[in-house]
Peer 1: 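For reference, the structure I am asking about is given below.
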Amino acid sequence: MQITLGPVQDFINTARRTRDLYAGSCLLSEAAGQVSAYLAERLGYENLIFPAPNNAEHFRQLSQSGIPNVVVARVREDVHCRVLTEEAVKEARRYIQERGTSLLDKHREQIDVSTTLEQLSEMLEVYWACVPLEEDYARARNRLTAVMAARKNTREFMPVGWGSSLPKSSLDGARETVIAGASEAWKRRVGIRPGEELSGVDLVKRLWPERAFLSTSHVAALPYLEGLGKQGKLEMLRFYLERLANLIGEEAREEWVHPVVRDTPLKDYDPRLLFVGRLGEFLDGSGAGLEEARAVLSEMYRALGEPLPYYVLLHADGDRMGEAIDHQSRQGAEAHRRLSNKLALDFAARVRGIVERHKGCLVYAGGDDVLALLPLHTALPCAKALAQIFSAAMRGFGEKHDPTLSVGLAIVHHLEPLQDALELVRRTEKFAKEGPKSTPLEQKRNALALAYSPRSGSERMVRGRWDEAPSLTQRLYRYQDLLRLEQIPTKAGYELKALLDELGGVKGMEKAVVLEAQRILGRKQIKPEYRQELDTLQTPADVARLADELILAKVLARAYQQAGVPTENPEVYRAH
């Protein structure tokens with residue numbers, strides 16, 4: 001039997017703030033956890049095929065990162081599948097209602113509670129299917145997949161009973177607002193922007209109480225915090241943040257529990273205080289308070305420097321997982337369960353620890369699917385660590401090729417709309433899997449792609465397979481090293497791009513492009529050992545690759561410099 005809960009992408013992607021993104025992921029994962037837990041109680045853990053924890057402790061470990069929205073289980077003949085599914089889903093709906101009620105309780109005077117609860121009760125889209133499991137497990141699983149696809153194509157959801165002429169939600173455009181009569185003071189206090197309308201589901205996300213997540217401004221500021229920590233200047237930062245908080249009021253004070261900021265000054269303050277462009281979200285521009293706050297921030301910048309405004313969104317997905325599941329299924333249900341168990345305990349349950357060791361914030365890790373926010377100076381080694389641990393967990397499960405992990409990293413401005421950032425990182429992860437159009441089949445997958453979306457300017461994207469030597473992560477780290485050592489002209493990447501724009505498409509000029517690129521790189525007096533590292537250009541395609549990688553390395557160099565990462569450090573290089 002398979003039970004699938006949704007909607008996934010539409011539900012999670014309707015996010016304007018990281019709290020929306022994090023809470024949406026948590027809510028769906030926790031609902032799936034209720035279904036899985038109920039099936040484990042009724043059927044026994046040994047009959048859960050996906051996810052496949054062995055006991056309650058394994059289930060708890062897996063729940064910390066995320067329970068996938070698809071549950072597959074073996075059901076005894078004496079158990080009615082429809083009844084079992086309805087009971088399991090009833091537990092999930094009950095949990096969502098209770099979670100929503102507890103969050104809304106102290107805000108009842110501001111919101112339409114009854115409509116909110118009705119919207120929450122109909123939030124989940126549930127599909128289920130079952131097939132007889134006879135001697136051939138693989139054939140039964142294939143048939144189950146086909147039956148489930150047919151079931152999903154048969155959309156029979158009833159019309160909602162809470163529709164009205166009220167404005168729709170600003171996030172999903174589907175559900176009616178439940179805050180039409182709320183006061184502006186309350187909206188400001190709970191983080192709702194002027195003119196923003198939220199449905200009951202969106203409101204539960206926005207009121208999510210946990211501070212176990214980070215905002216995009218938090219993550220962008222992490223290289224700055226790390227550098228100040230190494231210089232012993234965190235108390236000076238606290239001094240300026242306290243001055244700003246005194247000017248703004250309690251809205252500037254927050255208590256964050258995420259381990260990455262737990263021992264920093266940002267544990268107690270809203271990270272928007274660090275960015276001059278966000279002070280207007282606290283103070284009205286018509287008063288003197290905003291100018292005074294800007295003056296304090298300018299003084300802080302002169303004393304401590306200014307944080308960089310970019311962060312990294314990571315999206316990773318397993319390669320050839322379908323092939324591996326097919327291969328294991330041909331060996332029976334227990335082999336399929338072993339694969340699920342290994343994926344859950346040796347990869348998914350460990351992802352949060354890896355991300356947080358790299359100063360990041362995990363959104364979810366459901367099976368082989370990962371979404372996280374990372375600072376610029378740790379994103380590359382984190383991506384490599386995830387790919388390595390995934391490959392180790394999946395070793396021996398493939399028929400011809402073991403599963404690998406393709407990772408997309410998107411460098412985006414902390415004020416970029418979150419929905420746009422999510423769209424970019426998913427395109428980047430797809431580019432990692434597929435490569436450019438001319439990529440041979442054997443060169444697809446098992447790769448990293450890195451995209452850079454500047455606030456103004458053209459989007460850049462580079463790709464490299466994990467088995468290259470040196471890998472893309474090592475090349476980018478080395479180029480940022482050479483830029484910081486002033487061994488590469490700082491504008492070299494853009495000059496190479498200009499060269500390609502002028503001559504790259506001219507037939508017969510290929511050799512001239514390479515020679516001119518070498519001249520651009522050779523204008524600076526470079527030590528011979530460094531020059532050898534750059535002397536790899538054979539074709540205009542090599543020039544194009546180097547140009548993009550130098551442009552991205554320049555962005556990384558600023559973050560590595562701000563975080564106080566040492567140059568030419570063998571240990572750091574190996575981590576990449």
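All figures in this text were calculated on a predicted structure; none of them were measured in a lab. For this chain, numbers begin at 1 and follow the sequence in order.
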Peer 1: Looking only at non-hydrogen atoms, find the nearest pair between Q480 and A553 and report the distance.
Peer 2: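 Taking every non-hydrogen atom into account, CB-O, 3.5 Å.
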Peer 1: Between I192 and L203, is any pair of side-chain heavy atoms under 4.5 Å apart?
Peer 2: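 I192 vs L203: side chains touch.
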Peer 1: Is E399 paired with R330 through a side-chain N to carboxylate O contact shorter than 4.0 Å?
Peer 2: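 Salt bridge: yes.
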Peer 1: Are the charged groups of R272 and E254 less than 4.0 angstrom apart, N to O?
Peer 2: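 Salt bridge between R272 and E254, a charged N being under 4.0 Å from a carboxylate O: no.
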Peer 1: How long is the span from the OG atom in S471 to the OH atom in Y477, to the nearest 0.5 Å?
Peer 2: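 Between S471 OG and Y477 OH, I get 12.5 Å after rounding to 0.5 Å.
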Peer 1: Is there a side-chain contact between E356 and H258 in this structure, where contact means two heavy atoms from C-beta onward sitting under 4.5 Å apart?
Peer 2: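 Side-chain contact under 4.5 Å: yes.
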Peer 1: Using the side-chain contact (heavy atoms from CB on, under 4.5 Å) rule, pick out the option among V407, D402, D467 that qualifies with N446.
Peer 2: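 It is D467, the one option of V407, D402, D467 that forms the side-chain contact (heavy atoms from CB on, under 4.5 Å) with N446.
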Peer 1: Would you say the side-chain atoms of T4 and Q2 include a donor-acceptor pair closer than 3.5 Å?
Peer 2: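 Yes, Q2 and T4 have a side-chain donor paired with an acceptor closer than 3.5 Å.
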Peer 1: What are the two closest heavy atoms between C361 and L214, and how far apart are they?
Peer 2: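 In terms of heavy atoms, the two residues are closest at SG-N, 3.4 Å.
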Peer 1: Which atoms form the tightest heavy-atom contact between L405 and G318, and what is the distance?
Peer 2: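 Looking at all heavy atoms of both residues, the closest pair is CD1-N, 3.7 Å.
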Peer 1: Given R16 and L171, is the side-chain contact (heavy atoms from CB on, under 4.5 Å) satisfied, shown in steps?
Peer 2: CA-CA 7 Å; R16 182 164 287 162; L171 297 190; 3.7 Å; yes
Peer 1: Less than 4.5 Å apart, side chain to side chain, heavy atoms only: is that true for D420 and L424?
Peer 2: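 In short, these two side chains do not touch, never coming nearer than 4.5 Å.
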Peer 1: Taking the side chain as C-beta and beyond, is there a heavy-atom pair between L27 and R99 under 4.5 Å?
Peer 2: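 Side-chain contact under 4.5 Å: yes.
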Peer 1: More than 12 heavy atoms of other residues, nucleotides or ligands under 6.0 Å from NZ of K430: yes or no?
Peer 2: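 Open: at most 12 neighbouring heavy atoms sit under 6.0 Å from NZ of K430.
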Peer 1: Can you list the steps and then say if R426 with E429 is a salt bridge (charged side-chain N to carboxylate O under 4.0 Å, His left out)?
Peer 2: CA-CA 5 Å; R426 288 196 164 87; E429 186 273 329; over 6 Å; no
Peer 1: Do Y127 and M148 have side chains that get closer than 4.5 Å, going by heavy atoms?
Peer 2: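 In short, these two side chains touch, coming nearer than 4.5 Å.
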Peer 1: Could you note down all residue pairs passing side chain to side chain donor-acceptor pair (under 3.5 Å) where residues 344-353 supplies at least one of them, sequence neighbours left out?
Peer 2: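 Those involving residues 344-353 are K342-D346.
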Peer 1: Charged N to carboxylate O under 4.0 angstrom, E468 versus R465?
Peer 2: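 No.
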Peer 1: More than 12 foreign heavy atoms under 6.0 Å from CD of E442: is that the case here?
Peer 2: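 For E442, atom CD is crowded (more than 12 foreign heavy atoms under 6.0 Å).
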Peer 1: Which one of V72, V71, L339 satisfies the side-chain contact (heavy atoms from CB on, under 4.5 Å) criterion with I49?
Peer 2: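 Exactly one candidate clears the test, V72.
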Peer 1: Can E226 and H377 be counted as having a side-chain donor-acceptor contact under 3.5 angstrom?
Peer 2: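 The criterion, which ignores hydrogens and geometry beyond distance, is satisfied for H377 and E226.
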Peer 1: Hey, mind stepping through R463 and T428 against side-chain contact (heavy atoms from CB on, under 4.5 Å) and telling me if it holds?
Peer 2: CA-CA 9 Å; R463 176 186 184 268; T428 308; over 6 Å; no
Peer 1: Is a donor from one side chain sitting under 3.5 angstrom from an acceptor on the other, for S199 and D202?
Peer 2: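 Their side chains do contain a donor-acceptor pair, which is all the 3.5 Å distance test asks for.
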Peer 1: Any side-chain donor-acceptor pair under 3.5 Å between N54 and R337?
Peer 2: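 Distance-only check passes for N54 and R337.
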Peer 1: So does R94 pair up with E98, basic N to acidic O under 4.0 Å?
Peer 2: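 Looking at E98 together with R94, the answer is yes, because their closest N to O distance falls below 4.0 Å.
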Peer 1: Please round to the nearest 0.5 Å and tell me the distance separating atom CZ of R320 and atom OG1 of T404.
Peer 2: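 Reported to 0.5 Å precision, the distance equals 6.5 Å.
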Peer 1: Pairing donors with acceptors under 3.5 angstrom, does anything connect the side chains of S329 and R141?
Peer 2: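 Present: a donor and an acceptor within the cut-off.
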Peer 1: Mark yes or no for whether S340, through its side chain, and A52, through its backbone, hold a donor-acceptor pair below 3.5 Å.
Peer 2: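 No: the side chain of S340 does not pair with the backbone of A52.
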Peer 1: How would you list, by chain and number, every residue that makes a side-chain hydrogen bond (donor to acceptor under 3.5 Å, both in side chains) with R427, sequence neighbours excluded?
Peer 2: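 R427 satisfies side-chain hydrogen bond (donor to acceptor under 3.5 Å, both in side chains) with E423, E459 once adjacent residues are dropped.
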Peer 1: Does E135 CD have over 12 foreign heavy atoms under 6.0 Å away?
Peer 2: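 Not buried by this count: 12 neighbours or fewer within 6.0 Å.
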Peer 1: Roughly how far apart are Y311 OH and I411 CD1, rounded to 0.5 Å?
Peer 2: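 Result: 11.5 Å between the selected atoms.
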Peer 1: What I want to check is whether the side chains of E30 and Y95 have a donor and an acceptor closer together than 3.5 Å.
Peer 2: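 Note: E30 and Y95 side chains meet the donor-acceptor criterion.
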Peer 1: For the residue pair R445 and W466, would you count it as a cation-pi contact if the rule is NZ or CZ under 6.0 angstrom from the ring centre and within 45 degrees of the ring axis?
Peer 2: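 No.
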Peer 1: So, do P51 and S36 sit near enough that their side-chain heavy atoms are less than 4.5 Å apart?
Peer 2: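 Yes. Closest side-chain heavy atoms under 4.5 Å.
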Peer 1: Given D326 and N142, is the side-chain contact (heavy atoms from CB on, under 4.5 Å) satisfied, shown in steps?
Peer 2: CA-CA 9 Å; D326 288 344; N142 289 338; 4.1 Å; yes
Peer 1: So that I know where these two stand, are W256 and F213 an aromatic pair - ring centroids less than 6.0 Å apart?
Peer 2: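 That pair passes the under 6.0 Å test.
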Peer 1: Quick one: closest heavy-atom pair of A421 and V412, and the distance?
Peer 2: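 Looking at all heavy atoms of both residues, the closest pair is CB-CG2, 4.1 Å.
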Peer 1: Is the shortest side-chain heavy-atom distance between R460 and L552 below 4.5 Å?
Peer 2: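 Side-chain contact under 4.5 Å: yes.
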Peer 1: Going by distance alone, is a donor N or O of one side chain under 3.5 Å from an acceptor N or O of the other, for H315 and D369?
Peer 2: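 Yes, D369 and H315 have a side-chain donor paired with an acceptor closer than 3.5 Å.
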Peer 1: Applying side-chain hydrogen bond (donor to acceptor under 3.5 Å, both in side chains) to T116 and E118, what does each step give before you reach the verdict?
Peer 2: CA-CA 5 Å; T116 298; E118 286 180 22; over 6 Å; no
Peer 1: So, does N47 use its side chain to make a donor-acceptor pair with the main chain of L43 at under 3.5 Å?
Peer 2: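 Answer holds: yes.
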Peer 1: Are the side chain of S63 and the backbone of F59 linked by a donor-acceptor contact shorter than 3.5 Å?
Peer 2: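 Indeed, once roles are kept as given, a pair shorter than 3.5 Å links the two residues.
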Peer 1: Might you point out which heavy atoms bring P7 and L28 nearest each other, and give the distance in Å?
Peer 2: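 Closest approach of P7 to L28: O-CD2, 3.8 Å.
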Peer 1: In Å and rounded to the nearest 0.5 Å, what is the OH to CD distance from Y310 to E416?
Peer 2: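 One finds 8.5 Å between OH of Y310 and CD of E416.
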Peer 1: If I take atom CG from residue D20 and atom CG from residue L198, how far apart are they, to the nearest 0.5 angstrom?
Peer 2: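 So the CG of D20 and the CG of L198 are separated by 7.5 Å.
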Peer 1: Decide yes or no on side-chain contact (heavy atoms from CB on, under 4.5 Å) for C382 and V355, but give the supporting numbers first.
Peer 2: CA-CA 7 Å; C382 182; V355 170; 4.3 Å; yes
Peer 1: Please work out which of the three classes, parallel, tilted or perpendicular, describes the rings of H576 and Y560, given edges at 30° and 60°.
Peer 2: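 Y560 and H576: tilted rings.
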Peer 1: Measuring from atom CG of L308 to atom CG of L376, what distance do you get when rounded to the nearest 0.5 angstrom?
Peer 2: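 L308 CG to L376 CG: 7.0 Å, rounded to 0.5 Å.
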Peer 1: Enumerate the residue pairs fulfilling side chain to side chain donor-acceptor pair (under 3.5 Å) with a member in residues 213-224, sequence neighbours excluded, ordered by first and then second residue.
Peer 2: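 Matches after skipping sequence neighbours: S215-H218, S217-R278, S217-H414.
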Peer 1: Is R42 paired with E87 through a side-chain N to carboxylate O contact shorter than 4.0 Å?
Peer 2: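 Between R42 and E87 there is a salt bridge, with a charged N closer than 4.0 Å to a carboxylate O.
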Peer 1: Quick one: closest heavy-atom pair of L133 and A140, and the distance?
Peer 2: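 Answer, listing the atom of L133 first, then A140: CD1-CB, 4.0 Å.
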Peer 1: Taking the side chain as C-beta and beyond, is there a heavy-atom pair between L343 and M321 under 4.5 Å?
Peer 2: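 In short, these two side chains touch, coming nearer than 4.5 Å.
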Peer 1: Would you check if the side chain of T378 reaches a backbone N or O of H358 as a donor-acceptor pair within less than 3.5 Å?
Peer 2: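 Indeed, once roles are kept as given, a pair shorter than 3.5 Å links the two residues.
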